[in-house]
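Everything below concerns the one structure shown next.
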2 protein chains.
Amino acid sequence: MTIETQAAAELLKAFSHPTRLAILKELQAGPKCVTDMEELLPARQANISQHLGVLRHAKLVDYAQDGALRCYYLCRPNLVEDMLKLVGRDEPIIKRSPEEIQADKERLAKAMMQQVTAKEKKPTEGASRRKVTQ
Amino acid sequence: MTIETQAAAELLKAFSHPTRLAILKELQAGPKCVTDMEELLPARQANISQHLGVLRHAKLVDYAQDGALRCYYLCRPNLVEDMLKLVGRDEPIIKRSPEEIQADKERLAKAMMQQVTAKEKKPTEGASRRKVTQ
DNA sequence: TTCGGATATTCGATTATTCGAATACAATAG
DNA sequence: CTATTGTATTCGAATAATCGAATATCCGAA
């Protein structure tokens, strides 16, 4: 489990709340302060502020102070845009047959075997000790 | 808060755990059964099974039964691939000055104003009534 | 049929997330 | 200064996520 994986999971956690997604969507249209968002979202001021804290911590938003107001904006707009696009997309869900899977596993096993024999001259017992149902 | 936003947040929640990300990464290389993953991940069998349950519920993986084994595979491989790429990417974090933000808000306000005056005859109720800080 | 290996589920304890209420803080006007 | 408005933080309760241990199930072999 690498550090990058942990970081990626944390980033995704910041995204994975409906109110936070809604905030990000609003900010795509332009910078807004908390009061603006209060009118646009079904959430109270404190709660919006809390979610903004999470987004700020994840470095997805930042703010510029304008008098008493804090104008929030996306500080990684492309990441946010691509993420919102991605989760909105609907890829057809594929169903694979046991035979396809089997073929895939064999192909993978063969590739591994080749890699092993290329390095060492000894054809070692590979990763999958599965018997092949033919 | 739309239904799609809720669905998107749920999907993201399924992604947002390091072990689940690691599972998805492993499955990118090819189908695997739980025992295979046990060797590759720092997690116990029951826990991996639990995470696979979450991923299955999110329609990110499915399995094909092969005897006593269940061969798991990605059932939306492109979504997974793009997601893993996206969270791995590092976009530079931008910092915007109050002046830029101000300009942006004015531009947005102007666009809204124009939209309103253009529709003047059709009272399609709905937009915001925010005052613009000048 | 029983056995053993592979996987799933249930249970309970621990920790994390979420929300509203209340409060604190910060900037500006008067 | 005080009052007001905008925003953040703290606190506590409710809910949800997470994990390991134990157990259940499912399948193929003997």
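Per chain, numbering begins at 1; letters A, B, ... match sequence-line order.
- The separation between A:Ile23 atom CD1 and D:dA8 atom C1' is 14 Å, rounded to whole Å.
- As judged by a 4.0 angstrom heavy-atom cut-off over every strand, B:Tyr63 is placed among residues making no nucleic acid contact.
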Quick one: side chains of residues 46-53 of chain A, donor-acceptor pairs under 3.5 Å with protein atoms, not counting sequence neighbours, listed by atom name and distance.
{"unit_1": "A:Asn47", "atom_1": "OD1", "unit_2": "A:His51", "atom_2": "NE2", "d": "3.3"}
{"unit_1": "A:His51", "atom_1": "ND1", "unit_2": "A:Arg20", "atom_2": "NH1", "d": "3.0"}

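- Regarding B:Ile48, its CD1 atom lies at a distance of 13 Å from the P atom of C:dA6, rounded to whole Å.
- For A:Lys32 and D:dG6, the NZ to C1' distance is 17 Å, given to the nearest whole Å.
- Following rounding to the nearest Å, A:Leu41 (CG) and C:dT18 (P) show an atom-to-atom distance of 15 Å.
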List the atom pairs, donor and acceptor, that lie under 3.5 Å between side-chain atoms in residues 6-18 of chain A and the rest of the protein, sequence neighbours left out.
{"unit_1": "A:Ser16", "atom_1": "OG", "unit_2": "A:Leu12", "atom_2": "O", "d": "3.2"}
{"unit_1": "A:Ser16", "atom_1": "OG", "unit_2": "A:Lys13", "atom_2": "O", "d": "3.0"}
{"unit_1": "A:His17", "atom_1": "ND1", "unit_2": "A:Thr19", "atom_2": "N", "d": "3.0"}

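- Look at CG on A:Leu21: it is 15 Å from C1' on C:dT18, rounded to the nearest Å.
- Looking at residues two or more places apart in sequence or on another chain, you find no side chain to side chain contact (heavy atoms under 4.5 Å, CB included) involving B:Arg44.
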Donor-acceptor pairs under 3.5 angstrom involving side-chain atoms of residues 88-101 of chain A: please list them, not counting sequence neighbours.
{"unit_1": "A:Arg89", "atom_1": "NH1", "unit_2": "B:Asp82", "atom_2": "OD2", "d": "2.9"}
{"unit_1": "A:Arg89", "atom_1": "NH2", "unit_2": "B:Asp82", "atom_2": "OD2", "d": "2.9"}
{"unit_1": "A:Glu91", "atom_1": "OE1", "unit_2": "B:Asn78", "atom_2": "N", "d": "3.4"}
{"unit_1": "A:Glu91", "atom_1": "OE1", "unit_2": "B:Leu79", "atom_2": "N", "d": "2.7"}
{"unit_1": "A:Glu91", "atom_1": "OE2", "unit_2": "B:Asn78", "atom_2": "N", "d": "3.2"}
{"unit_1": "A:Glu91", "atom_1": "OE2", "unit_2": "B:Asn78", "atom_2": "ND2", "d": "3.0"}
{"unit_1": "A:Lys95", "atom_1": "NZ", "unit_2": "B:Asp62", "atom_2": "OD2", "d": "3.1"}
{"unit_1": "A:Arg96", "atom_1": "NH2", "unit_2": "A:Asp104", "atom_2": "OD2", "d": "3.0"}
{"unit_1": "A:Ser97", "atom_1": "OG", "unit_2": "A:Glu99", "atom_2": "N", "d": "3.4"}
{"unit_1": "A:Ser97", "atom_1": "OG", "unit_2": "A:Glu99", "atom_2": "OE1", "d": "3.2"}
{"unit_1": "A:Ser97", "atom_1": "OG", "unit_2": "A:Glu100", "atom_2": "N", "d": "3.2"}
{"unit_1": "A:Ser97", "atom_1": "OG", "unit_2": "A:Glu100", "atom_2": "OE1", "d": "3.4"}
{"unit_1": "A:Glu100", "atom_1": "OE1", "unit_2": "A:Ser97", "atom_2": "N", "d": "2.9"}

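- Computed from coordinates, the B:Asp36 CG to C:dA6 P distance equals 10 Å when rounded to whole Å.
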For nucleotides 19-30 of chain C, 5' to 3', base contacts (B), sugar-phosphate-only contacts (S) and non-contacts (-) with protein non-hydrogen atoms under 4.0 Å give BBBB----SS--
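- Atoms NZ (B:Lys13) and P (C:dA16) sit 16 Å apart, rounded to a whole Å.
- Within the 4.0 Å cut-off from OP1 or OP2 of C:dA8, at least one side-chain nitrogen or oxygen of B:Tyr72 is found.
- If you take CG of A:Leu12 and P of C:dT17, they are 14 Å apart, rounded to a whole angstrom.
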Would A:Met83 and B:Met83 satisfy side chain to side chain contact (heavy atoms under 4.5 Å, CB included), going step by step from the backbone distance to the final call? CA-CA 8 Å; A:Met83 180 63 76; B:Met83 181 62 77; 3.6 Å; yes
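- Qualifying salt bridge (Lys or Arg N to Asp or Glu O under 4.0 Å) partners for B:Glu38, counting only residues two or more places apart in sequence or in other chains: none.
- For B:Ser49 and A:Arg20, each mapped to the nucleotide of DNA chain C holding its nearest heavy atom, the one lying further toward the 5' end belongs to B:Ser49.
- Using a cutoff of 4.0 Å between basic side-chain nitrogens and carboxylate oxygens, B:Glu106 and B:Lys110 are not scored as salt-bridged.
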